[in-house]
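Below, chains carry the letters A, B, ... as their sequence lines are ordered, and counting in each starts from 1. What you see below is based on every heavy atom in this structure, not just the backbone, and it leaves out hydrogens, waters and symmetry mates. Note that the structure is predicted; figures quoted are calculated from it, not measured.
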Amino acid sequence: MSKSLTKREEDYSKWYNELVVKADLAENSAVRGCMVIKPYGYAIWEKMQAELDRMFKETGHQNAYFPLFVPKSLFEAEEKNAEGFAKECAVVTHYRLQNDPDNPGKLRVDPEAKLEEELVVRPTSEAIIWSTYKGWIQSYRDLPLLINQWANVVRWEMRTRLFLRTSEFLWQEGHTAHATKSEAIAEARQMQQVYATFAEEFMAMPVIKGVKSDSERFAGAEDTYTIEALMQDGKALQAGTSHFLGQNFAQAFDVKFTNKEGKQEYVWATSWGVSTRLIGGLIMTHSDDFGLVLPPKLAPIQVVFVPIYKGEDQLLLLSEKIQTYVQAFKKLGISVKYDDRDTLRPGAKFAEYELKGVPVRIAMGSRDLENNTVEVARRDTLSKESISQDNLVEYVSDLLEKIQVNLFDSALQFRNNHITLVNSFDEFKDVIENKGGFVAAHWDGTEETEEKIKELTKATIRCIPNDAIEEAGNCVFTGKPSSKRVLFAKAY
RNA sequence: CGGGAUGUAGCGCAGUCUGGUAGCGUACACGGCUGGGGGUCGUGUGGUCGCAGGUUCAAAUCCUGUCAUCCCGACCA
């Protein structure tokens, strides 16, 4: 393993890949396009899960679990959804292997064990869930039905990247059923807000809330609400989506309820999800050339102690002192690690925790014992200072909050500096090509224009922002009238 | 699927052109000196050279086939 990472400026993509592997978050597996999430990376996911799960429950949702497999006949019921995903589905056709008579010691698929009906490995669970909901919903009294599931899904991507796009990934998917259109829309918008709050408060990743254009909308949805984040290399990342599904799935799966007037109606639906892709976004929002930078609220280890000593006697003295602080931090719910390994020198440990993004590092040596001091280093600014031990716990507790805020503020400033208003197509191309980030431009609202712009610049409409200002303007490409600006960017 | 490249120790690589005892760095194990930013010295473990076949006295090296992976495209909520 080489000692330093590729610099972001040299090759951003290479930097990202190296960082994920060296920080011990994940690695490529024996299965093409699928990753192994290692304990440190999984710990971040668990922290994300815990918070999101809490937020879902607070907004009235319950968890359940549905099957991995979807019979093809169910999968194809909602046409647009099926069509949208058909190209990237893994399909189970057989249920048994047998010894291969031509190749001793090898197995082959038993040709006799062909399934009557193929099973699609879920790329998303609307189909299996809505076929189930049919049996759960009869009356308006059964509504709203507010369910979330934590699961894995498979999408056979041509090209994969750790966390950002893998063939199998972990996510949560909420699937709700409502009596009215307005209630369903409110639900979809509420979840968009939940995602935005999570991204900003916990990931310290600023996002823009908006709605997708027709061509970027989820297959089978009436509207897709999105949160869009901006990465350090100027590319946008779709960080979460919440869909208003109208009555499309209710019709496809014949899910009706009896309303208060005794009349049958189709239910209104939403679905919403975020995935392990968020970890990719987290990395590309904050990390630097020294490694990962984690916001304290999601860091598996928030504080690490590194002892500096000569000989075992000194280590014993230091350990005793450090253990009292470790206990004090734990009482406050701060996750702390004491690294007393004798196999590495302090400098190597410093580098390791920088690579792994631990927000606060505390070094304590014999000199500190004499002076009642410690050296506190923060990962976000890479600054260090020597402070008195007297207020260590309070100091670090405050510092963690400061780091969380600072990471968000820095990311917000970067993001805001990379939203550029343009009024001509030359300007548009120049900004996309040279500056990157979001370009706020007028658009005539047609798919043709969107497609042409994509061909020419590789930029797509990331969203029509919720807070877009109504203003008369002309499409940056066709010159046709437009009432508000939309955001374009190159995207992951 | 089109174009390019690569498979040799856990990881990163040299050796292949010109066939002749399997190498280096790192990691790992043990010991000494060390210890406030990636230490040092010594000893040691670890490889059917992707797989199959062929040529040869002899193949990591040459030939044929095959599999896999990576990169650039196409694809992608």
Engineer: Could you state the NZ-C1' distance from A:Lys454 to B:rA74, rounded to the nearest angstrom?
Structural biologist: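 In whole Å, B:rA74 C1' and A:Lys454 NZ are 11 Å from each other.
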Engineer: For residues 232-243 of chain A, please give each side-chain donor-acceptor pair under 3.5 Å, one per line with the distance, not counting sequence neighbours.
Structural biologist:
| from | atom 1 | to | atom 2 | distance (Å) |
| --- | --- | --- | --- | --- |
| A:Gln232 | OE1 | A:Arg8 | NH1 | 3.4 |
| A:Gln232 | OE1 | A:Tyr12 | OH | 3.1 |
| A:Gln232 | NE2 | A:Thr285 | O | 3.3 |
| A:Gln232 | NE2 | A:Ser287 | O | 2.8 |
| A:Asp233 | OD1 | A:Lys235 | N | 3.2 |
| A:Asp233 | OD2 | A:Tyr492 | OH | 2.6 |
| A:Gln238 | OE1 | A:Lys212 | NZ | 3.0 |
| A:Thr241 | OG1 | A:His243 | NE2 | 3.4 |
| A:Ser242 | OG | A:Ala188 | O | 2.7 |
| A:His243 | ND1 | A:Thr224 | OG1 | 2.9 |

Engineer: Can A:Tyr309 and A:Ser319 be counted as having a side-chain donor-acceptor contact under 3.5 angstrom?
Structural biologist: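 On atom types as modelled, these side chains do not qualify, holding no pair under 3.5 Å.
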Engineer: CE of A:Met158 versus C1' of B:rG2: gap in Å, rounded?
Structural biologist: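 Taking CE of A:Met158 and C1' of B:rG2, I get 11 Å after rounding.
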Engineer: Find which nucleotide of RNA chain B each of A:Gly33 and A:Gly84 is nearest to by heavy atoms, and output the residue with the more 5' nucleotide.
Structural biologist: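 In this pair, the answer is A:Gly33.
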Engineer: Using the P atom as the point on both nucleotides, what is the distance between B:rG23 and B:rU45, in whole Å?
Structural biologist: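 These two P atoms come out 13 Å apart once rounded.
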Engineer: I'd like to compare against my own output: the B/S/- annotation of nucleotides 30-37 of chain B with a strict under-4.0 Å heavy-atom distance to protein.
Structural biologist: ----BBBB
Engineer: Taking ring pair (Phe, Tyr, Trp, His ring centres under 6.0 Å) as the definition, give me every residue that meets it alongside A:His178, ordered by chain and number, with sequence neighbours left out.
Structural biologist: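 A:His178: no ring pair (Phe, Tyr, Trp, His ring centres under 6.0 Å) contacts found.
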Engineer: Specify the separation, in whole Å, of atom NZ of A:Lys22 and atom P of B:rG12.
Structural biologist: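 Nearest whole value for this atom pair: 11 Å.
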Engineer: Distance check, P atoms only: B:rA22 and B:rG50, in whole angstrom units.
Structural biologist: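 Taking atom P in both B:rA22 and B:rG50, they lie 15 Å apart.
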Engineer: Can you give me every donor-acceptor pair (side chain of residues 76-93 of chain A, partner residue at least two apart or in another chain, under 3.5 Å) with its distance?
Structural biologist:
| from | atom 1 | to | atom 2 | distance (Å) |
| --- | --- | --- | --- | --- |
| A:Glu78 | OE1 | A:Lys80 | N | 3.2 |
| A:Glu78 | OE1 | A:Asn81 | N | 2.8 |
| A:Asn81 | ND2 | A:Ala219 | O | 2.9 |

Engineer: Give me the distance, rounded to whole Å, that separates B:rU56 from B:rU16 when you measure between the P atoms they each carry.
Structural biologist: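 My reading of the P atoms in B:rU56 and B:rU16 gives 24 Å.
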Engineer: Suppose you measure atom C1' in B:rC51 against the same atom in B:rG7; what distance do you get, rounded to whole Å?
Structural biologist: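 Straight-line distance between the two C1' atoms is 11 Å.
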Engineer: Could you check how far CG of A:Asn28 sits from C1' of B:rU6, rounded to whole Å?
Structural biologist: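 It works out to 15 Å between those atoms.
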Engineer: Roughly how far apart, to the nearest Å, are B:rU6 and B:rU64 at atom P?
Structural biologist: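 Approximately 16 Å lies between the P atom of B:rU6 and that of B:rU64.
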Engineer: Just how far, in rounded Å, is C1' of B:rC70 from CG of A:Asp11?
Structural biologist: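 Taking atom C1' of B:rC70 as the reference, CG of A:Asp11 is at 14 Å.
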Engineer: Can you tell me the distance, in whole Å, between the CD atom of A:Glu18 and the P atom of B:rC71?
Structural biologist: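 To the nearest whole Å, that distance equals 13 Å.
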Engineer: Report the residues that fulfil side-chain hydrogen bond (donor to acceptor under 3.5 Å, both in side chains) with A:Arg277, sequence neighbours left out, ordered by chain and then residue number.
Structural biologist: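 If we apply the side-chain hydrogen bond (donor to acceptor under 3.5 Å, both in side chains) test to A:Arg277, skipping adjacent residues, there are no hits.
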Engineer: Hunt down the Watson-Crick or G-U wobble partner of B:rC49, both distances under 3.5 Å, from any strand shown, or write none.
Structural biologist: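 Per the H-bond distance test, none.
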Engineer: Between A:Trp272 and A:Phe56, does the ring centroid distance fall short of 6.0 Å?
Structural biologist: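 Ring centres of A:Phe56 and A:Trp272 closer than 6.0 Å.
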Engineer: Would you say A:Thr197 and A:Gln193 are linked by a side-chain donor-acceptor pair, where the criterion is simply a distance under 3.5 Å?
Structural biologist: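 Yes, A:Thr197 and A:Gln193 have a side-chain donor paired with an acceptor closer than 3.5 Å.
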Engineer: A:Lys38 has an atom NZ; how far is it from atom C1' of B:rG10, in whole Å?
Structural biologist: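 Atom-to-atom, A:Lys38 to B:rG10, this comes out as 11 Å.
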Engineer: Measuring only the P atom in each nucleotide, how far is B:rG47 from B:rG42? A whole number of Å is fine.
Structural biologist: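 Result for the P pair: 24 Å, nearest Å.
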Engineer: Considering every strand shown, what is the Watson-Crick or G-U wobble mate of B:rC30 when both distances are under 3.5 Å?
Structural biologist: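 Its partner is B:rG42 (Watson-Crick or G-U wobble, both distances under 3.5 Å).
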Engineer: May I ask which nucleotide in the shown strands pairs with B:rG7, Watson-Crick or G-U wobble, both distances under 3.5 Å?
Structural biologist: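 Here B:rG7 is engaged in a pair, and the nucleotide opposite it is B:rC67.
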Engineer: Return the pairing partner of B:rG2 with a 3.5 Å limit on both distances, Watson-Crick or G-U wobble; otherwise return none.
Structural biologist: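 B:rC72 - that is the nucleotide pairing with B:rG2, both distances being under 3.5 Å.
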Engineer: Using the C1' atom on both, measure B:rG38 against B:rA58 and round to a whole Å.
Structural biologist: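 After rounding to an integer number of Å, I get 46 Å for this pair.
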Engineer: Provide the distance between the two C1' atoms, one in B:rG3 and one in B:rC49, to the nearest whole Å.
Structural biologist: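 Nearest-Å result for B:rG3 against B:rC49 at atom C1': 28 Å.
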Engineer: Taking side-chain hydrogen bond (donor to acceptor under 3.5 Å, both in side chains) as the definition, give me every residue that meets it alongside A:Lys337, ordered by chain and number, with sequence neighbours left out.
Structural biologist: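 A:Tyr353.
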Engineer: Please report the distance, rounded to the nearest Å, between OH in A:Tyr16 and P in B:rC70.
Structural biologist: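 After rounding, the gap between these two atoms is 15 Å.
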Engineer: Quick check: on RNA chain B, is the nucleotide nearest A:Lys212 upstream (toward 5') of the one nearest A:Asn17, or the reverse? Name the residue that is more 5'.
Structural biologist: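 Mapping each residue to its closest nucleotide by heavy atoms, the 5'-most match is A:Asn17.
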